[in-house]
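This report refers to the structure that appears directly beneath it.
These numbers come from the heavy atoms of this one structure, side chains and all, not from hydrogens, waters or symmetry mates. When a ligand or atom number is given, it counts from 1 through the structure's own listing order.
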Amino acid sequence: MLRKSLPSTSPPWHPSLTHFDLQMLLDAVFGTRPPAWLGAFDTRDWALTIIAFVALWIVHIRRTRIALPPGPKGLPIIGNVLQLPRDKEWLQYDDWGKEYGPIFHLSLPLGEKLIVINSHKVAIDILEKNANAFAARPTNMVMATDLIGWGRAVALHPGGEKHRKYRRLLSKVLNSTAVRKFRPLEQRAAEAFLQELYRTPDDFIKHIRDSVGSMIVELSYGRDTKIGEAGFIDYAEYVHEIFTYAARSFAFVVDIVPILQHIPEWIPGVTWKKQATQWRKELDLMAQVPFDMVKSDMKGEAFSDSYVSVSLDGKKSAADDDHEADVKWTAVSLYTGGADTTIASLNALFLLMCLHPEAQSRAQKEIDAVVGPDRLPTAEDEPDLPFVGAIVKEILRYWTIAPLGLPHRAMEGTIYESYLIPKGSTIIANLWGMMHDPTVYSDPYEFKPERFLPVEQGGLGEPDPTPTIFGFGRRICPGMHLATASVWIYSACILASFNIKPVKNERGEDVMPVAETGPEMIRMPKPFKCQVVPRSSNTAALLGF
Ligand code: HEM
């Protein structure tokens, strides 16, 4: 009824709206006269008030639209804990990726968020373009990092200035140029490996482990040593197994509920804490014994150059305790970062060559044509052996040695597209999912080295996996150049000298090895059998017998 009294001239939203018109409008809308204080508002006040409301409304809309990435629905308080895969998480993350997209989230108790990235592009956008914000490691791997003490080494170091110093030390020795000086060491190690293989081919798994282990020990410390009764390599292997076991995502309940780390060890049932104390002592020995050996070698005249001796050079005074500790813990990281990954790659080479004889013989033909029968391949041959290079890339892609890389932590809240990545959240790059993405790699579950040859050479010209499989940003693998060079030289030398074939059963039929791995964060093929046979009568002479 009152609406009828609205003036028929300028509408209420018109710029010529006057104080008088507004009062009439409020009268009309509320049916009563507005409070007297409103009468003091002039046009400018109203304009400012409306702008403030609009601004608040926009903020509200943005806040409600910037949500976490999608993800499976969890339960109140405990979030997705009950859905977390306990084994081969990358497979479940890949499935969830198909359902929720290239970035999704999982909720953990106490409001912790896990952001999983399944696409190379998203990983680059988040972990590389804003690298400083994601340079840290999560603090929730409590068992491995705090209780056992791996947080003092590089890979699980929480981040910050100390980690930057670690990276500078490593980069000096392992950058793409510096690493070339290890070529003679790699060649020597590969050739010594071939000799062992010739002597006892059935022990190829042990030979790979011993050979790669001693190459990295020589690089790190100049020579092997003993810890207690064990040689350093055996001891380091044992300690490293503990690392891969303890550093799996949520391997221990204390990783999910970190406050449990303060429970005293003597409480019945808290066996994991006693175990952690024992493992910590063993890790300390692994770090200290070879380091002390190099220091004592350095007091004499003759000692071989190594990562430790080079990094300690000129820094022998007591004032450099800090520097010594940094060198000690970065040296540990060479073995733990480099041994199992390289060993797994070479085990995968034997396995995949046994399963794919056509790829093996194509690589051998290429080697025969380029290198000939009278010498072994060397690093200088690499540009002329593209199919051998394609085999190495396909092993790294297909097998995906470190399927989830290592987790990063968001040091600040970040908005990616319309999603919020909260400060403190854990970021997992599902490298396995990226390497098996059918929109990037055709038939991703097929072993096809030719996918990496250029189209002009009859290949598929698919993207090189190396910018992905070594991780991202400030935490990218510092050993990537060493890794690709050493896996290449071992692979080329093995293919040049031996045929890798399935073993036969009593009926003379081929027994194909099964490609299986355990739950650990490094995909080490489970032990398998194959025949390793010299390629020709010339092989013995080629290997110096
Ligand atoms: C095929 C062999 C290898 C693969 C597939 C591999 C892969 C990786 C991946 C995925 C990461 C985590 C990156 C990230 O957090 O985003 C990493 C970290 C690391 N790798 Fe490698 N790696 C290999 C060989 C090596 C070698 C030979 C060394 C040293 C001699 C090494 C030392 C390290 C270290 C110290 C880290 C921790 C870096 C940090 O946290 O700052 N890796 N590696």
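At least one N or O atom of R167, backbone or side chain, sits closer than 3.5 Å to an N or O atom of ligand 1. Polar contact check, T341 against ligand 1: no nitrogen or oxygen pair lies under 3.5 Å apart.
At least one heavy atom of V154 sits less than 4.0 Å from an atom of ligand 1. Residue contacts with ligand 1: H157 is excluded, as none of its non-hydrogen atoms falls under 4.0 Å. Note on ligand 1: M480 sits outside its first shell, no heavy atom being nearer than 4.0 Å. Not a single heavy atom of T336 sits under 4.0 Å from any atom of ligand 1.
The residue V487 has no part lying near ligand 1, judged by heavy-atom distances below 4.0 Å. At a heavy-atom cutoff of 4.0 Å, ligand 1 is contacted by the backbone of F472 but not by its side chain.
Residue L346 is tested with L351, I395, I208 for a side chain to side chain contact (heavy atoms under 4.5 Å, CB included); the sole match is I208. The side chain to side chain contact (heavy atoms under 4.5 Å, CB included) test with S486 singles out one residue from V212, L185, T342, V179, and that residue is T342.
Nearest residue to atom 14 (C) of ligand 1 from R164, H163, R475 is R475 (criterion: closest heavy atom). Of the candidates C477, G337, S486, C477 brings a heavy atom nearest to atom 20 (N) of ligand 1. Distances from atom 11 (C) of ligand 1 to the heavy atoms of F182, Y307, Y335, F470 show the closest one on F470.
For the 3.5 Å distance criterion, the side chains of D125 and Y416 qualify, holding a donor opposite an acceptor. Between the side chains of H163 and R474, no donor N or O sits under 3.5 Å from an acceptor N or O.
Closest approach of A246 to M143, counting heavy atoms only: CB-CG, 4.5 Å. Taking both residues in full, the closest heavy atoms of V532 and P201 are given as O-CB, 3.4 Å, listed atom of the first, atom of the second, then distance. When all heavy atoms are compared, the tightest approach of F452 to E462 is CD2-O, 3.6 Å.
The aromatic rings of Y445 and W432 lie tilted to each other, with the angle between the two planes from 30° to 60°. The aromatic rings of F350 and F204 sit parallel, their planes meeting at an angle under 30°, below the 60° perpendicular limit.
Closest protein heavy atom to atom 19 (C) of ligand 1: P478 CD, 3.6 Å. The nearest protein atom to atom 26 (C) of ligand 1, hydrogens excluded, is given as G338 CA, 3.3 Å; this is a heavy-atom distance. Closest to atom 16 (O) of ligand 1 among all protein heavy atoms lies H408 NE2, 2.8 Å.
Atom SG of C354 is separated from atom CD1 of I500 by 8.0 Å, given to the nearest 0.5 angstrom.
Close approach of ligand 1 to S345 is summarised as follows: ligand atoms under 4.0 Å from at least one heavy atom of the residue are 1 (C). Ligand 1 places these atoms under 4.0 Å from at least one heavy atom of A155: 37 (C), 40 (O). Proximity to L482 (heavy-atom distance under 4.0 Å) selects the following atoms of ligand 1: 30 (C). Close contacts of ligand 1 with I469, meaning ligand atoms under 4.0 Å from a residue heavy atom, involve 5 (C), 7 (C), 10 (C). Each of the following atoms of ligand 1 lies closer than 4.0 Å to a heavy atom of L334: 29 (C), 30 (C). Distances below 4.0 Å separate heavy atoms of L431 from the following atoms of ligand 1: 10 (C). The ligand atoms of ligand 1 that sit less than 4.0 angstrom from a heavy atom of L406 are 12 (C), 15 (O). When each atom of ligand 1 is checked for a heavy atom of G479 under 4.0 Å away, the hits are 26 (C), 27 (C), 28 (C), 29 (C), 31 (C).
The distance between the ring centers of H356 and F447 falls below 6.0 angstrom. Residues W329 and Y166 place their aromatic rings such that the two centres sit no closer than 6.0 Å. Between Y221 and F232, the distance separating the two ring centers is shorter than 6.0 angstrom.
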